[in-house]
Number of protein chains: 2
Amino acid sequence: MSVHVSERSVRRLSLYRRFLLHAQASGSCYLFSHDIATATRTSAAQVRRDLMAISSSGTASRGYHVADLLKSISHFLDAPAPQHVALIGLGNLGRAVFAYFVGRHPNLRITLTFDIDPAKTCRLINGCPCHNIHELNDLCPTHGIRMAILTVPATEAQTVTDMLVRGGIRGIVNFAPVTLYVPVGVFVETMDFSISLETAAFFSRA
Amino acid sequence: MSVHVSERSVRRLSLYRRFLLHAQASGSCYLFSHDIATATRTSAAQVRRDLMAISSSGTASRGYHVADLLKSISHFLDAPAPQHVALIGLGNLGRAVFAYFVGRHPNLRITLTFDIDPAKTCRLINGCPCHNIHELNDLCPTHGIRMAILTVPATEAQTVTDMLVRGGIRGIVNFAPVTLYVPVGVFVETMDFSISLETAAFFSRA
DNA sequence: CCCTTGCTGTGAATGATTTCACGGTGTGAA
DNA sequence: TTCACACCGTGAAATCATTCACAGCAAGGG
Ligand SMILES: NC(=O)c1ccc[n+]([C@@H]2O[C@H](COP(=O)([O-])OP(=O)(O)OC[C@H]3O[C@@H](n4cnc5c(N)ncnc54)[C@H](O)[C@@H]3O)[C@@H](O)[C@H]2O)c1
Ligand SMILES: NC(=O)c1ccc[n+]([C@@H]2O[C@H](COP(=O)([O-])OP(=O)(O)OC[C@H]3O[C@@H](n4cnc5c(N)ncnc54)[C@H](O)[C@@H]3O)[C@@H](O)[C@H]2O)c1
């Protein structure tokens, strides 16, 4: 089944799924690889390769059956049960991200939040209690949490990351503009606004 | 000079620069390729290749001279004069991003902001007047703006993108979770929180 | 002064990813 | 029925990116 699917394929599959959900909502029942490709800025051959990797298949005449495809992709991407996510740092960005994700990902739920500021802990934020960061080591394992979103100041990011790793977290979405050092087996995805902006600035002149 | 530098190299160069600025601030005068590599999660050979591409060079005994290297990278990455950036959509995320970027990038300045909501236009936000989106077509060309940050609702993103392209924008940092259609020559960098989260979720289980 | 060491710069090799190209197939039109 | 068409699945080719490996060199030690 899953021989090996590259990180890039996983990202594209996630994009395909989002498009397929929209397409399904607007009534599409079948789609060709090139429809998916143009909607996700890639090529038809690429789409077919990616879908081949998760062994879904379409028919030559109609293309891919949207509902089936959605099932295949979700079966591949999603955990059998919803995954729970911790959010660390309830500042400007942390609160915006929290509000944004509520209800958006049925199978990814922010169930624990942490901060160090006593003004934020012991309060409900989006109906979710905010814990003190020092409880992280206890709470994450007992809640079976393996993923975290990190929105603390850059200076704190590595310290908190070390706590997360000790707490058993294996996937981190990091918003701080720093390189995080983690042991092998821990996946870090850094959302680096500055680097993206500079890259866009560069190519806006090319 | 610049034969061709790949997008990935540009991203890494931007990362190297950020690290070098930190290193310089903490007193480093010379650094080896492997120092830069470990600080940016890449390999020493990769660093040397990237620096070769912008024809900077180090010495075998001391490595790279930090100040010189910073000058080379900045000369390569930055426009001769500071670039001006437009920010479209002053909602939760737009305001957070604006506050975040103030003073952070000396050569990239958000000088125009736009919204469609009359409650936001005609007001100063971070000392910068917010214009009505319909003035975009006039104002961007007269201010020589070629880059935009897009933080409008997903439903509006394509419409606004079309306006931006008509207004002469050639680089867009897009925060809306949609694929933007742009003519060739326009660079789009989508910061896709959902895709990143799903990718991290996937690999946190692998 | 010469040897050792550990670095840079870079051609060549390797590895990863994308694209090409085509056989096989179901569909609709004549 | 038969043909033309357009698409899927996929091996092979091409392209792109990274790593290897080593010549050449500067510095420090004996
Ligand atoms: N605001 C933005 O638009 C933006 C954009 C890009 C990146 N970022 C990055 O995101 C991070 C957060 O930005 P922000 O604007 O929300 O900052 P912020 O200062 O508003 O929020 C940081 C939060 O982290 C908490 N915190 C501090 N140390 C902590 C610790 N050790 N453990 C737990 N919580 C701790 C603080 O109490 C605060 O609530 C920063 O690294 C920043 O560079 C922010
Ligand atoms: N808030 C988050 O943490 C977050 C995270 C990831 C992605 N996003 C994306 O960022 C975008 C903005 O999110 P938000 O939470 O700030 O939403 P928001 O509703 O708070 O802000 C949107 C802003 O855009 C303005 N706007 C609407 N239509 C416009 C138009 N045609 N022209 C100009 N301005 C217009 C609105 O007046 C409002 O000020 C959305 O696409 C969202 O999906 C947000």
Side-chain angles (χ1 to χ4, degrees), chain A residues 1-16 20 23 28-70 72-73 76 184 187 195 199 202-203 206, chain B residues 1-16 20 23 28-70 72-73 76 184 195 199 203 206:
Chain A
M1 213 261 261
S2 60
V3 269
H4 178 246
V5 180
S6 71
E7 186 178 321
R8 307 185 90 155
S9 287
V10 169
R11 276 206 159 68
R12 282 191 300 263
L13 285 166
S14 182
L15 272 174
Y16 301 159
L20 291 169
S28 298
C29 191
Y30 286 90
L31 287 171
F32 295 120
S33 58
H34 63 256
D35 297 321
I36 304 176
T38 54
T40 55
R41 286 223 153 301
T42 182
S43 69
Q46 184 74 84
V47 171
R48 294 202 299 275
R49 269 247 177 282
D50 288 333
L51 297 184
M52 197 173 74
I54 60 166
S55 47
S56 6
S57 61
T59 69
S61 45
R62 287 162 198 267
Y64 296 89
H65 186 262
V66 174
D68 286 355
L69 198 46
L70 276 169
S72 297
I73 296 179
F76 174 77
V184 292
F187 182 90
I195 303 302
T199 305
F202 180 85
F203 287 106
Chain B
M1 213 276 253
S2 61
V3 271
H4 178 248
V5 181
S6 72
E7 188 180 318
R8 304 183 91 156
S9 288
V10 169
R11 276 204 159 71
R12 281 190 301 261
L13 285 166
S14 182
L15 272 173
Y16 301 160
L20 291 169
S28 299
C29 191
Y30 286 90
L31 286 172
F32 296 120
S33 58
H34 63 255
D35 297 322
I36 304 177
T38 53
T40 56
R41 284 219 155 304
T42 181
S43 69
Q46 184 74 83
V47 171
R48 294 202 299 274
R49 267 249 176 287
D50 288 332
L51 297 184
M52 197 173 73
I54 61 166
S55 47
S56 3
S57 60
T59 68
S61 44
R62 287 162 198 268
Y64 296 88
H65 186 262
V66 173
D68 286 356
L69 197 47
L70 275 169
S72 296
I73 296 179
F76 174 77
V184 292
I195 303 303
T199 305
F203 286 105

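The structure presented is a predicted model; accordingly, all values stated were derived computationally and were not measured. Naming convention: chains lettered A, B, ... in sequence-line order (proteins, then strands); numbering from 1 in each chain.
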- request: Show your working on side-chain contact (heavy atoms from CB on, under 4.5 Å) between B:F76 and B:V5 and close with a plain yes or no.
  value: CA-CA 10 Å; B:F76 174 77; B:V5 181; 3.6 Å; yes

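Residue A:S43 places at least one side-chain N or O under 4.0 Å from the OP1 or OP2 atom of C:dT19. Residue B:S33 places at least one side-chain N or O under 4.0 Å from the OP1 or OP2 atom of C:dT8. At the phosphate of D:dG9, OP1 or OP2 sits under 4.0 Å from a side-chain N or O atom of A:Y64. Between C:dT18 and A:R12, a contact under 4.0 Å exists linking OP1 or OP2 to a side-chain N or O.
At whole-Å resolution of the value, NE2 in A:H34 and C1' in D:dC7 are 9 Å apart. Between B:R48 atom CZ and D:dC20 atom P there is a gap of 11 Å when expressed in whole angstrom units. Taking atom CZ on B:F32 and atom C1' on C:dG9, their separation rounds to 15 Å, with Å as the unit. To the nearest angstrom, C1' of C:dT18 lies 17 Å from CZ of A:R11. Atom-to-atom, CG of B:D35 to P of C:dG6 comes out at 15 Å; the value is rounded to the nearest Å. We find that CG of A:L51 is positioned 12 Å from P of D:dT10, with the value rounded to whole Å. As rounded to whole Å, 14 Å separates atom P of D:dC16 from atom CD of A:Q46. In this structure, CG of B:L69 is placed 13 Å from C1' of C:dT8, rounded to the nearest angstrom.
Contact annotation for A:S57: backbone-only contact, meaning every heavy-atom pair under 4.0 Å involves sugar-phosphate atoms and none involves a base. In this structure, B:S9 reaches neither bases nor backbone, as no heavy-atom distance under 4.0 Å exists between it and the strands shown.
Applying the 3.5 Å distance criterion, the base of C:dT19 shares a donor-acceptor pair with the side chain of A:R49.
Between the CZ atom of B:R12 and the CG atom of B:L51 there is a distance of 10.5 Å, given to the nearest 0.5 Å.
Nucleotides of DNA chain C nearest to B:G58 and A:A45 differ in position, and the one nearer the 5' end is that of B:G58. Nearest-nucleotide positions on DNA chain D for B:S6 and A:M52 put A:M52 closer to the 5' end. Take the nearest nucleotide of DNA chain D for A:R62 and for A:R8: the residue whose nucleotide is more 5' is A:R62. Nearest-nucleotide positions on DNA chain C place A:E7 closer to the 5' end than the other of A:E7 and A:S61.
For the pair A:Y64/A:D35, no side-chain contact is recorded, criterion being any heavy-atom separation below 4.5 Å from C-beta on. Between A:L31 and A:L69, every side-chain heavy-atom pair lies at or beyond the 4.5 Å cut-off.
The number of heavy atoms from other shown groups lying within 6.0 Å of CZ (A:R62) does not exceed 12.
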